[in-house]
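Please read the structure below before turning to the comments.
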Amino acid sequence: MSDFLSELSWRGLLYQQTEGAAAHFAAGAVSAYCGFDPTASSLHVGNLVPIMGLVHLQRAGHRPIALVGGGTGMIGDPSGKASERQLLTVDEIDANVSGIREQLGRFLDFSGDSGARLVDNAEWLRALNAVDFMRDVGKHFSINVMMQKDSVKSRLESGISYTEFSYMLLQAYDFLALHRRYGVTAQVGGSDQWGNITAGTELIRRTVQRDAHGVTLPLVTTSGGTKFGKTESGAVWLDAARTSPYAFYQFWVNVDDADALKFLRMFTLLPQDEIEGLAAALSAAPHERAAQRRLATEVTGLVHGHAAATLAERVSKVIFDRRVDARELAADVFTTLAAEIPCAHFAADAPINVLDALERAFGLSRGASRKLLQQGAVSVNGEKLAADAHEIDPTGAVHDRWFLLRKGAREVAVLVREA
RNA sequence: GGUGGGGUACCCAAGUGGCCAACGGGAGCAGACUGUAAAUCUGCCGGCGUACGCCUUCGAAGGUUCGAAUCCUUCCCCCACCA
């Protein structure tokens with residue numbers, strides 16, 4: 001049994017902990033939980049931090065409980081939010097909960113003694129009676145203390161509804177409910193959760209006179225000062241339907257040198273010496289970007305499975321490795337590519353119009369396409385098209401069927417001539 | 001409630017009757033260079049169109065004018081100081 005907190009610590013995943021937390025985890029197997037808000041139907045890469053917290057917890061011999069907030073989602077956590085949130089409908093919440101449940105399930109092992117559990121706080125929160133709640137839970141909290149919590153204090157100027165103000169009581173009650181049901185004695189969460197977590201430890205102390213602990217994980221920052229997990233095309237989701245495994249893999253491959261090692265520690269399970277080896281490789285041959293490639297393979301594997309990671313790797317190689325000649329690719333590679341990147345179908349017996357191809361593959365207008373052609377930005381099967389190119393020569397199709405259409409350095413699509 | 005200053009394209013920001021699709025910067029896209037990087041240089045950069053052009057923009061709605069982002073009226077919204 002490795003030490004949970006020291007593992008988090010060297011990986012840069014430890015931010016705050018309650019007093020005595022180290023002794024608590026050292027004393028034996030602990031059941032600990034982490035909650036996830038059902039604000040969207042999918043988790044995103046930012047959620048990987050607390051997920052890794054649960055993963056390390058389990059690897060250290062403790063029992064992780066992943067909680068989806070089907071109940072707390074009805075209220076909305078004000079933590080880290082500058083303004084009041086729009087309430088979601090019950091249907092939206094339920095749909096989001098089921099998406100998130102499915103994703104969380106992939107990271108944990110549900111078998112054996114330290115088998116993980118997946119629970120939804122809707123189970124106890126939605127049935128909660130207001131009067132009972134105020135007597136049993138509310139009585140243990142002082143408004144004076146609640147106003148001191150960051151999540152509330154930072155909103156006193158701009159305004160906060162009674163609903164969101166009360167949120168911390170619900171999360172505190174969750175902790176107590178899990179303590180009663182599953183013997184949970186610790187909670188893991190993002191750094192913005194400290195106030196909610198300590199509200200829970202206090203409620204447990206007051207109602208059942210037991211010590212409970214909390215651990216928070218840091219907010220991920222990038223060296224460039226940009227928001228982690230965002231690309232030009234939006235958030236990087238864990239749902240393959242929202243962010244394809246290929247796009248997901250690319251997100252990690254494109255990580256800055258300055259962040260690669262930090263992210264290897266945070267988001268992969270590679271041991272320290274292996275990461276040090278990658279650090280050495282990165283500084284010796286930065287252009288190889290061995291660290292980023294490994295990071296991308298590992299995280300994609302963790303989230304989408306090994307097969308998807310390998311596929312993403314292969315697709316990336318075709319798209320970015322200049323030594324790969326489109327004309328030598330096997331038909332099944334094209335089939336794979338067609339599923340991962342934009343793909344447009346054309347009749348087999350007619351020549352393909354260049355502007356049509358660009359429009360259907362990338363959604364470009366004819367004017368925009370012409371401009372790109374003039375700039376020499378378009379190539380087919382590795383051959384740059386002339387500024388006045390009109391049609392794609394059908395005899396150049398690979399296996400008599402496929403074309404690799406490239407726009408600029410990174411955008412690639414497949415054109416298919418129907419048989 | 002009073003006084004003053006504002007609302008311009010993705011963001012910042014010039015423009016105060018025609019030369020304005022609107023200076024400049026950033027972002028974005030593309031080319032060269034490269035490590036699918038950074039920095040740098042170059043081109044594009046409201047939409048649509050192969051040129052000529054057409055359409056839609058300067059908080060909103062009306063009006064004046066041959067002509068308005070620019071003038072007038074009303075309305076909406078921000079900010080600063082005062083209470």
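Residue numbers begin at 1 in each chain, while the letters A, B, ... track the order of the sequences.
Across the strands present, B/A38 finds no partner; the criterion is a Watson-Crick or G-U wobble pair with both atom distances under 3.5 angstrom. Across all strands shown, B/G1 forms a Watson-Crick or G-U wobble pair, both distances under 3.5 Å, with B/C82. The base-pairing partner of B/G62, taking Watson-Crick or G-U wobble contacts with both distances under 3.5 Å, is B/C72. Of the nucleotides present, B/G43 is the one that pairs with B/C29 by Watson-Crick or G-U wobble criteria, both distances under 3.5 Å. Taking a pair to require two hydrogen-bonding distances under 3.5 Å in either a Watson-Crick or a G-U wobble arrangement, B/A51 remains unpaired.
Spacing between atom CZ of A/Arg406 and atom P of B/G31 amounts to 11 Å, rounded to whole angstrom units. Taking atom CG on A/Asp259 and atom P on B/G35, their separation rounds to 21 Å, with Å as the unit. Rounded to an integer number of Å, the gap from A/Arg289 CZ to B/A37 P is 7 Å. Put simply, CD on A/Glu288 is 14 Å from C1' on B/U36, counting in whole angstrom units. Note: CD (A/Gln374) to P (B/C45) measures 11 Å, nearest angstrom. Note: CG (A/Leu364) to P (B/C48) measures 9 Å, nearest angstrom. Look at CG on A/Leu373: it is 12 Å from C1' on B/A30, rounded to the nearest Å. Separating the CG atom of A/Leu372 from the P atom of B/C45 is a distance of 12 Å, rounded to the nearest angstrom.
Using C1' as the reference atom, B/G67 and B/C44 are 31 Å apart when rounded to the nearest Å. Atom P of B/C72 sits at a distance of 25 Å from the matching atom of B/C79, rounded to the whole Å. Straight-line distance between the C1' atoms of B/U3 and B/A9: roughly 33 Å, to the nearest whole Å. Look at the C1' atom in both B/U57 and B/G43: the space between them is 25 Å, to the nearest Å. For the C1' atoms, the distance from B/A13 to B/C58 is 13 Å, rounded to whole Å. Rounded to whole Å, the separation between the P atoms of B/C20 and B/U42 comes to 24 Å. On the P atoms, B/G17 is 11 Å away from B/U70, given to the nearest whole Å. One P atom belongs to B/G6, the other to B/A14, and the distance between them is 10 Å to the nearest Å.
Using a cutoff of 4.0 Å between basic side-chain nitrogens and carboxylate oxygens, A/Glu298 and A/Arg293 are not scored as salt-bridged. Between A/Asp356 and A/Arg366 there is a salt bridge, since a side-chain N of the basic residue sits under 4.0 Å from a carboxylate O of the acidic one. Under a 4.0 Å N-O distance rule, the pair A/Arg59/A/Asp3 does not qualify as a salt bridge. Between A/Arg11 and A/Glu7 there is a salt bridge, with a side-chain nitrogen of the basic residue lying less than 4.0 Å from a carboxylate oxygen of the acidic one. The pair A/Asp332-A/Arg314 counts as a salt bridge, with a side-chain nitrogen and a carboxylate oxygen less than 4.0 angstrom apart.
Regarding contacts with the backbone of B/C29, every side-chain N or O of A/Lys371 stays at 4.0 angstrom or more from both OP1 and OP2. Distances shorter than 4.0 Å separate none of the side-chain N or O atoms of A/Arg410 from OP1 or OP2 on B/U36.
Side-chain atoms of A/Asn196 and A/Gln193 form a donor-acceptor pair, as typed in the model, at a separation below 3.5 Å. Side-chain atoms of A/Glu92 and A/Thr89 form a donor-acceptor pair, as typed in the model, at a separation below 3.5 Å.
Base engagement by A/Gln292 is indicated by at least one non-hydrogen atom pair under 4.0 Å involving a base atom. Using a 4.0 Å heavy-atom criterion, one finds that A/Arg370 contacts the bases of the nucleic acid, with or without backbone contacts as well.
Not one N or O on the side chain of A/Ser244 forms a donor-acceptor pair closer than 3.5 Å with the backbone of A/Ala240.
Comparing A/Phe320 and A/His390, the nucleotide of RNA chain B nearest to each residue sits closer to the 5' end for A/Phe320. Of the two residues near RNA chain B, A/Gly367 and A/Val253, the one whose nearest nucleotide lies more 5' is A/Val253.
The stretch residues 303-316 of chain A touches RNA chain B through A/Ser316, each having a heavy atom within less than 4.0 Å of the strand.
For a distance-only test at 3.5 Å, the side chain of A/Gln250 qualifies as a donor-acceptor partner of the base of B/U36. One N or O donor and one acceptor, one from the side chain of A/Gln375 and one from the base of B/G43, sit under 3.5 Å apart.
A 6.0 Å sphere centred on NE2 of A/His399 holds more than 12 heavy atoms belonging to other residues, nucleotides or ligands.
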